[in-house]
Amino acid sequence: MEFQTIVERLRSGQDPKFPGNANSLEYAETLSSQDPLKHLKEEFILPTRASLRKKGLTGSLPGSANGANGTSSNDISTQSGGNADDDDKKKSIYFVGNSLGAQPKAVRRYLDAQLETWASIGVGGHFTTWEDSPLVAWQDMSADCARKSVDLVGAASPDEIVMMNTITANLHLMMASFYKPAGQRHKIILEWKPFPSDFYAIESQIQWHGLDPRESMVQIEPDQDFIISTERIMAVIDEHADETALLLLPGVQYYSGQLFDMERITAHAQAKGVPYVGWDLAHAAGNVELRLHDWNVDFAVWCTYKYINAGPGSIAGAFVHARHGTVERDPEAIHGFRHRHRLAGWYGEDKSVRFDMANRFQPTPGAGGSSAVDLASLSAALSVFEKTRMRELRSKSLALTAYAQHLLDGIAGDEEEASDPAAASSPPFRIITPRDPLRRGCQLSVLLLRPGLLEHVGAALREGGVVCDQRKPDVIRVAPVPLYCDFVDVYNFMSILRKAIATAAAAAS
Ligand SMILES: *Cc1c(COP(=O)(O)O)cnc(C)c1O
């Protein structure tokens with residue numbers, strides 16, 4: 001089967017060999033029909049062109065004529081024929097899961113269950129599990145979400161995972177435990193263009209220890225363009241190893257979409273004596289395959305509103321390797337337990353004694369302990385991942401993004417074939433994400449090379465019912481998420497883009 005062959009080629013580092021008719025709706029439909037995960041799209045409510053124009057609440061969900069069940073026929077399968085009304089009801093091409101993932105239908109079901117439980121038995125919900133409810137007792141929900149996240153991050157057990165706070169707060173908490181500057185070992189190695197919250201968290205942690213960020217922050221510059229090679233990262237580690245207290249990098253860089261070789265970089269830093277290696281997985285969790293435990297990563301943090309689809313501002317995650325999470329009885333130690341120091345709270349206390357309120361902190365082993373209402377929406381979002389495996393998702397993702405790149409290459413080449421040789425000399429855009437599929441997630445970052453093109457393309461995409469991310473001045477980030485996007489979406493997206501670039505070029509000449 002075409003789909004499987006493409007996946008196998010991509011996984012083994014070969015050219016996927018898209019055929020001559022790849023740039024056709026027919027071919028896109030063939031791949032979509034062979035996609036073993038195509039049913040997962042039905043787990044989501046995607047905006048429609050009509051819903052994107054809404055100016056207020058109407059009590060109905062996209063794709064449903066009336067009522068709020070969101071299950072009616074918002075069918076995208078054909079783009080031919082139909083009138084403007086049908087167009088309006090079509091699902092949008094939602095390529096912005098790198099910013100906010102689409103809504104799983106399960107979220108409404110889980111939240112309804114949560115609200116009914118709370119209204120019906122109040123505080124009893126902490127300890128009650130109903131057989132017909134998708135939820136477990138509230139005090140077990142964090143552990144339940146951790147269990148469902150094991151495959152996403154490659155933990156050895158749910159004990160290594162905790163769901164709590166935001167990424168930024170978790171970065172601070174992790175650095176409270178893992179950034180221990182002492183003597184000449186005070187530096188944090190990071191990358192040249194970290195997400196602002198990561199930059200500020202690192203900078204302010206350094207200042208909190210009374211140190212000077214100009215001396216304690218080491219930023220790795222890209223060697224070519226926007227890409228940082230593993231060799232360069234290892235060279236910077238070598239240069240600063242003796243003075244480094246922490247290495248903290250993104251798994252997938254949010255701007256360029258580059259996927260870092262977490263295994264090799266972690267091993268290299270640890271071999272050179274860097275005491276702790278942490279990863280920000282905001283753009284990696286739910287996007288690429290991770291094996292945090294086996295890679296011996298010390299800690300990691302991630303959010304759940306991007307590729308994990310738990311909703312805006314949803315609760316974040318953190319991983320602490322099992323070797324840091326042990327708790328041992330020791331009569332000499334304060335409260336009688338020996339463990340790695342942590343900034344503690346009452347949900348960090350072992351469940352068996354949590355409600356004793358005795359203020360004799362008995363830490364729960366591992367990373368654990370938190371509770372929040374919004375674990376319900378996370379639990380729902382993770383229930384979708386339970387219908388598949390990260391390996392399956394990644395296989396589809398490799399093919400989907402390779403197809404997107406193939407069609408983009410075609411668009412970039414359009415003008416070369418055109419009669420005007422002057423236009424051929426400067427392509428309209430350049431992909432800044434690594435071309436090697438194994439060095440990126442689902443996202444392709446496209447740098448537009450002509451002034452004003454971003455606005456023109458942005459307007460055309462909006463008009464065509466596409467939701468994707470535009471980073472001023474001139475980057476669009478195209479993220480065909482494998483859970484709810486398919487090959488037909490990629491084809492349709494590229495048709496709109498191709499037309500927009502051609503009309504912009506015609507208008508300029
Ligand atoms: C999205 C993102 C964040 C967001 O942090 P919040 O605490 O959720 O606001 C942080 N870091 C990176 C790298 C991100 O991509």
Side-chain angles (χ1 to χ4, degrees), residues 95-102 145 149 152-153 161-176 178-179 188-206 217 219-220 222 226-228 233 246-260 262 265 277-288 290 292 297 299-319 343 370 372-375 377-378 381-382 432-433 440-445 467-472 475-479 481:
F95 278 7
V96 74
N98 54 346
S99 189
L100 178 70
C145 288
S149 303
L152 268 73
V153 299
I161 298 171
V162 56
M163 308 310 306
M164 59 181 184
N165 311 316
T166 61
I167 287 210
T168 311
N170 288 345
L171 274 173
H172 278 299
L173 288 171
M174 290 297 128
M175 281 192 274
F178 292 104
Y179 176 52
I188 300 181
I189 300 180
L190 62 156
E191 46 120 356
W192 70 302
K193 199 176 169 58
F195 202 83
S197 50
D198 301 54
F199 187 90
Y200 298 143
I202 290 169
E203 189 177 51
S204 61
Q205 282 278 335
I206 288 170
M217 274 169 109
Q219 291 189 255
I220 310 173
F226 298 86
I227 307 303
I228 312 176
I233 294 171
L246 174 66
L247 172 71
L248 183 54
L249 291 173
V252 172
Q253 213 285 342
Y254 80 96
Y255 190 75
S256 68
Q258 179 183 359
L259 167 63
F260 289 98
M262 290 173 253
I265 294 166
V277 179
W279 292 92
D280 182 329
L281 305 177
H283 282 259
N287 180 19
V288 296
L290 300 167
L292 296 182
V297 164
F299 72 90
V301 296
W302 62 96
C303 56
T304 61
Y305 52 83
K306 290 171 182 161
Y307 292 104
I308 301 179
N309 317 309
S314 54
I315 196 163
F319 166 95
L343 291 182
S370 88
V373 172
D374 54 5
L375 284 168
S377 86
L378 176 60
L382 291 170
I432 61 172
T433 304
R440 66 187 183 210
C442 78
Q443 171 188 322
L444 292 176
S445 304
V467 193
C468 86
D469 177 274
Q470 291 142 39
R471 291 274 132 174
K472 283 185 176 149
V475 166
I476 54 176
R477 298 188 303 169
V478 181
V481 171

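Every number for a ligand or one of its atoms is a count from 1 in the order of the listing. Residues take their numbers from the sequence shown, with the count starting at 1.
- Ranking the protein heavy atoms by distance from atom 2 (C) of ligand 1 puts K306 NZ, 2.5 Å first.
- Using cut-offs of 30° and 60° on the angle between ring planes, the pair F226 and Y255 is tilted.
- When only non-hydrogen protein atoms are considered, atom 7 (O) of ligand 1 lies nearest to T168 OG1, 2.6 Å.
- Side-chain contact between V481 and Y307: present, with at least one pair of heavy atoms (C-beta onward) separated by less than 4.5 Å.
- Side-chain atoms of T166 come within 3.5 Å of backbone N or O of A169 as a donor-acceptor pair.
- Here I228 contributes atom CD1 and I220 contributes atom CD1; the two are 6.0 Å apart, rounded to the nearest 0.5 Å.
- Near A282, the atoms of ligand 1 lying under 4.0 angstrom from a non-hydrogen atom of the residue are 2 (C), 12 (C), 13 (C), 14 (C), 15 (O).
- Heavy-atom proximity to D280, at under 4.0 Å, picks out these atoms of ligand 1: 11 (N), 12 (C), 13 (C).
- Taking a cut-off of under 4.0 Å to the non-hydrogen atoms of H283, the atoms of ligand 1 that pass are 15 (O).
- For the pair L246 and F299, the minimum side-chain heavy-atom distance is below 4.5 Å.
- At distances below 3.5 Å, at least one donor-acceptor pair connects side-chain atoms of T433 with backbone N or O atoms of S256.
- Note on ligand 1: S197 sits in its first shell, one or more heavy atoms being nearer than 4.0 Å.
- For N287 (side chain) and C442 (main-chain N/O), a donor-acceptor pair under 3.5 Å exists by modelled atom type.
- Remark: minimum distance from atom 4 (C) of ligand 1 to any protein heavy atom is reached at Y305 OH, 3.1 Å.
- Annotation: Y254 places no N or O atom under 3.5 Å from an N or O atom of ligand 1; distance criterion only.
- Of the protein's heavy atoms, D198 OD1, 2.7 Å lies nearest to atom 11 (N) of ligand 1.
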